Amino acid sequence: MAKYDHKKIEKKWHDVWTETEIYVANDNDEREKYYNLVMYPYPSGDLHIGHWYNFSGGDFYARYKRMNGYNVLNPIGFDSFGLPAENAAIKRGIAPKTWTYDNIDNMLKQLHRIGASYDWDRMVITSDPEYYKWTQWMFLELYKRGLAYKKKQVANWCTDCNTVLANEQVVDGKCERCGNDVIQKELDQWLFKITDYADELISGLDQVDWPERTKIAQRNWIGRSEGAEVNFKVDGSKHVIKVFTTRIDTLYGATFMVLAPENPLVEKITTKEQFELVEKYISMTKGKTELDRMQEKVKTGVFTGAYALNPINNEKIPVWIGDYVLMGYGTGAIMAVPAHDERDNEFAKKYKLPIIEVVEPINNKKEIMFTAYGKLINSGDFTGLTSEEAKTKIIALLSKEEKATKKINYKLRDWLISRQRYWGSPIPIVYCDKCGEVPVPEKDLPVVLPEEVNMKSTGESPLKYEKDFYDTTCPKCGGKATRETDTMDTFVCSSWYYLRYADPKNDREFASKEKMKQWLPVDMYIGGAEHTVLHLLYSRFFTKALRDGGYLDFDEPFMKLRHQGMILGPDGLKMSKSKGNVIDPDIEVEKYGADAIRMYLSFMGPYEQGGPWNPNGLVGVRRFLDKFYEFAQIICSASNNQDANSIKQADLDKIISKLIDKVSRDFPEMKFNTCISGFMETMNSLVALAKEFPITDNSKVWKKAISQMLLVMAPFAPFLTEELWYNLGNNGSIHLQQWPTSDKSLLIDDLVTVAIQVNGKVRDTLLVSPGAEEVDLLKIAKESDKVAKYLEGKNILKSFYVKSKILSIVTD
RNA sequence: GGGGAUGUGGUGAAACUGGUAUACACGCUAGUUUUAGGAACUAGUGCCGCAAGGCGUGGAGGUUCGAUUCCUCUCAUCCCCACCA
């Protein structure tokens, strides 16, 4: 009997499937569509085991849906713009394009090796001009509608890499790549107005089936808070300081104000006497690195010399500046209420500013720092009101005098998309001396990224030094003009790629409405949780913006979302080259086969949990496959001439029916691990049954049974099951078959085990028919020695019977 | 500081709406077969106890005939955000 030779089998079917393209998603198909998507990879060079985990889970699901009669779209592509390509180019002298496309070739081979069932014809590569043409089109569309704008703004700047960094690339105040200091630098930047959609980005979450923690994280990131904007007049000047507060009920306790050092009002209101001190403080805060700011928990500030008038009582209060007030949130100024805010309290104590208590706890329990809602004191006419009542009344009063308005604030900032980098999509904007900022007309797209570029690190985009690119003519007046040289953040590319899969070869639109109607929105999206507040938020913004442009007729791009867990090294730590705990999937495939890895990854634990890679666990799964293969081969080679006529046949059918039932229930919940344990249990039962119900004498029923088992194993082990499926004499690929249904009548056992409890403790178990009545059971139970000894001399007070499960007896 | 997740054997983990805790696998122990390459097979394996029995799902309470599951408090570990007014 031939042993399980994964190399031979996987090579064979890999070739067959590539040739016949069995996973093509048909645009014209009557069956219900199912759009199954995994987050496309960055072509870093090699597929690592985390990719495998992500993609195999997505692939299980696609195969399951396909077998359940859906017209499945299961595409793949590459997020191929980005900095690593540029770094490789600088380090090794390879052009970013060459490096990227070589990596894509390699990763495509690896994806085939996984046994992934993609529709390869729909591949999308974001660095292809046919793709980024439409990324640029998206930019223009947002630009037209005022959702893309340019602004001078402070950004993270790496002092070593000479480039701007996204917030997510700053780790603990340092550059994620080189580990050097990050400072704040003011630059002219392009931004997308994601804040316009802040409210809908919150409410839309109610429509989608996403992990609750992901929804919560997005809500927190958007950070909606309701409050009021209050105007404080600067004493003896025309200037007004606006502040945002959620606690207008504490207005009587505002004893000073603090402005952010960058607040433009600072230079206007600072007095002559204080000027020098203020200057000094501002230059000091500017020089601070991100790390300084994070470590420094002590609050600092200086007095501007100016005073403001509290609009509620005309009290004169001093105006300070301090860098604990952020320019980017609210109005860049606060009213400080040191009695009821910890930060203000710390500041007041340090600089000996007055502290006035204006709220006390309702239960009158004195607390050192009371920051919660309570009852007002020392608050003029409002004394005695609760915080909630006071809020409404104070706003009502001040609104009348135009001193305050209701206001909602968000933590969410507009999305900064400019990058001073080469390997990205050019921003389709031209600067003309006469006409100013001019968008490139749609007919001139794409603005092609030049290929031969000198990649030096100067702090400006290398494109600035490419004369052929940089110098151009103005599309409006035809005069001399220059191009925008910054490129777009790669997250722009990935904010709409899922739309392109519906119609990847369209050269007239980013995708036709017809095809998007056919496929979108995405029904199932699988990917890492690390994209929670980035890609997953940006994509939602794009979808809503395109919908408002009349291009889409749905509100949310991803109806169902699941995160795969993270695979750690065998030592339980995050895999990294420096720790030497990286698992190379290629080596494992060579040794154990793709099917074994797919199965092991599903067996190791709940899919959303992940965990450490355990080489022994993989061996265990491989052992199962070896045994299963040999067992199935015996069935395959049994001569096909006998017919069963035995009660044992019912046992066989029952085992298979129970498996189908289990897998069909666990699969939709992505409980892949229990599916695999189900296969193992089933095989153990089958091996035992074969001893009483010989395969050779009953080959027909055995062949039917094992074929059914293969069907439910097919999504996990596509190569092995395909091989055995044909060996059993079946026709057509197993992966295009219908998912089997279980025979419900076989799921009911003739006899069930009922546990007998006395006072909550199990004392015996009885094998009875499922129809048995409580009285009968009670009678049998009393006759059991194991039970009787606990009933001796006692009266039975009550008993409970849960059908086929438990009989609980309570005595005195 | 805020938010989230997770605690079950030596290990990864099961347990349907509260109903026999530890399925499945790894590891380990003993035995068989003298077995070349990551062995196979059989038996055993939560803890204490010779046994009967008792104790066991991070800890302490509670609800219940019955709690890994529900409630209250608490401890530990991990992740994310973080001076957000």
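Just so it is clear, the model here is predicted, and its values are computed rather than measured. Computed over heavy atoms, backbone and side chain alike; hydrogens, waters and symmetry mates excluded.
In this structure, A:K803 atom NZ and B:G66 atom P are separated by 24 Å, rounded to whole Å. In this entry the distance linking CZ of A:F347 with P of B:A85 reads 18 Å, nearest Å. At whole-Å resolution of the value, CG in A:N616 and P in B:C28 are 8 Å apart. Atom NZ in A:K299 sits about 12 Å away from atom C1' in B:A85, given to the nearest Å. Taking atom CG of residue A:L568 and atom C1' of nucleotide B:U77, one finds them 14 Å apart after rounding to whole Å. Between the CH2 atom of A:W210 and the P atom of B:G4 there is a distance of 18 Å, rounded to whole Å. Taking atom CZ of A:R343 as the reference point, atom P of B:A82 lies 15 Å away to the nearest angstrom. Atom C1' of nucleotide B:A85 and atom OH of A:Y410 are separated by 17 Å, given to the nearest angstrom.
A:Y790 comes within 4.0 angstrom of sugar-phosphate atoms only, judged by non-hydrogen atoms across all strands, and of no base. Heavy atoms of A:D341 sit nowhere under 4.0 angstrom from any nucleic acid atom. A:K761 comes within 4.0 angstrom of sugar-phosphate atoms only, judged by non-hydrogen atoms across all strands, and of no base. At a threshold of 4.0 angstrom between heavy atoms, the contacts of A:N409 with the nucleic acid are absent. Across all strands, A:K411 comes closer than 4.0 Å to base atoms (heavy-atom distances). Using a 4.0 Å heavy-atom cutoff across all strands shown, A:T753 reaches at least one base atom of the nucleic acid. Using a 4.0 Å heavy-atom cutoff across all strands shown, A:F624 reaches no nucleic acid atom at all. Base contact: A:F603 has a heavy atom under 4.0 Å from a base atom. As judged by a 4.0 angstrom heavy-atom cut-off over every strand, A:R213 is placed among residues touching the sugar-phosphate backbone only. Using a 4.0 Å heavy-atom criterion, one finds that A:K574 contacts no nucleic acid atom at all. Residue-level contact check: A:R665 touches neither bases nor backbone, having no heavy atom under 4.0 Å from any strand. Across all strands, A:P612 comes closer than 4.0 Å to no nucleic acid atom at all (heavy-atom distances). Within the 4.0 angstrom heavy-atom criterion, only backbone atoms of the sugar-phosphate kind lie near A:K789; the bases stay farther away. Within the 4.0 angstrom heavy-atom criterion, only backbone atoms of the sugar-phosphate kind lie near A:N673; the bases stay farther away.
The aromatic ring of A:Y329 is not stacked on the base of B:C84, since the criterion of ring centres less than 5.5 Å apart with planes inclined by under 30° is not met.
At B:A14, none of the side-chain N or O atoms of A:K662 fall inside 4.0 Å of OP1 or OP2 (strictly under the cut-off). The phosphate of B:C26 (OP1 or OP2) has a side-chain N or O of A:R623 nearer than 4.0 angstrom. OP1 or OP2 of B:A23 has not a single side-chain nitrogen or oxygen of A:N684 nearer than 4.0 Å. At least one side-chain nitrogen or oxygen of A:Q609 sits closer than 4.0 Å to the OP1 or OP2 atom of B:A13.
Side-chain rings of A:F256 and A:F347 approach one another, their centers coming within less than 6.0 Å. Between A:F624 and A:F679, the gap from one ring centroid to the other reaches at least 6.0 Å. Aromatic rings of A:F716 and A:F667 (six-membered ring for Trp) have centroids within the 6.0 Å cut-off, being under it.
Distance from the side chain of A:M680 is smallest to B:C24 among B:A82, B:C83, B:C24. When each of B:G12, B:A85, B:C81 is scored by its nearest atom to the side-chain atoms of A:I334, the top-ranked nucleotide is B:A85. Listed nucleotides B:G19, B:U20, B:A15 differ in distance to A:A755; the shortest reach to its side chain belongs to B:U20. The side chain of A:E681 approaches B:C24 more closely than any other nucleotide in the set B:C65, B:C24, B:C84. Nearest to the side-chain atoms of A:L326 among the listed nucleotides B:C55, B:A85, B:A25 stands B:A85. Listed nucleotides B:C65, B:C24, B:G38 differ in distance to A:S808; the shortest reach to its side chain belongs to B:C65. Checking B:C83, B:C81, B:G3 against the side-chain heavy atoms of A:I216 singles out B:G3 as nearest.
Side-chain contact check for A:L659 versus A:V712: some heavy-atom pair is nearer than 4.5 Å.
Across all strands shown, B:G9 forms no Watson-Crick or G-U wobble pair with both distances under 3.5 Å. In a base pair of the Watson-Crick type (N1 to N3 plus N6-O4 or O6-N4) or a G-U wobble (N1-O2 and O6-N3), with each distance short of 3.5 Å, B:C16 is matched with no nucleotide. Using N1 to N3 plus N6-O4 or O6-N4 for Watson-Crick, or N1-O2 and O6-N3 for G-U wobble, each under 3.5 Å, B:C78 pairs with B:G4. Under the Watson-Crick or G-U wobble criterion, with both distances below 3.5 Å, B:C73 is paired with B:G59. Across all strands shown, B:G37 forms no Watson-Crick or G-U wobble pair with both key distances under 3.5 Å. Using N1 to N3 plus N6-O4 or O6-N4 for Watson-Crick, or N1-O2 and O6-N3 for G-U wobble, each under 3.5 Å, B:G27 pairs with B:U45.
Using atom P as the reference point in both B:A21 and B:U68, the two lie 8 Å apart (nearest Å). B:A23 and B:G9 have their P atoms separated by 13 Å, given to the nearest Å. Across B:G46 and B:U8, the matching C1' atoms stand 10 Å from one another, rounded to whole Å. Atom C1' of B:C81 sits at a distance of 29 Å from the matching atom of B:U72, rounded to the whole Å. Using atom P as the reference point in both B:G10 and B:U42, the two lie 26 Å apart (nearest Å). Comparing the C1' positions of B:G53 and B:U64 gives a spacing of 26 Å, expressed to the nearest Å. Rounded to a whole angstrom, the distance from the P atom of B:G59 to that of B:C55 is 15 Å. Spacing between B:C79 and B:G66 at atom P, rounded to whole Å, works out to 41 Å.
For the residue pair A:S657 and A:D743, no side-chain donor N or O sits within less than 3.5 Å of a side-chain acceptor on the partner.
Between A:S677 and A:G610, the residue whose closest nucleotide on RNA chain B is further toward the 5' end is A:G610. Sequence order on RNA chain B of the closest nucleotides to A:E212 and A:T765 puts A:E212 first from the 5' end.
The aromatic rings of A:H535 and A:H531 sit perpendicular to each other, their planes meeting at more than 60°, with 30° as the lower class boundary. The aromatic rings of A:Y600 and A:W613 sit perpendicular, their planes meeting at an angle over 60°, well past the 30° parallel limit.
Base orientation at B:G9 is syn, since its O4'-C1' glycosidic dihedral falls within 90° of 0.
Between A:D626 and A:K3 there is no salt bridge, since none of the side-chain N atoms of the basic residue sits less than 4.0 Å from a carboxylate O of the acidic one.
Stacking of A:K299 on the aromatic ring of A:Y324 is recorded, both the 6.0 Å distance cut-off and the 45° axial limit being met.
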Subject >> Trace of the ring pair (Phe, Tyr, Trp, His ring centres under 6.0 Å) decision for A:Y607 with A:Y53 >> reply: CA-CA 8 Å; A:Y607 186 60; A:Y53 199 45; 4.9 Å; yes

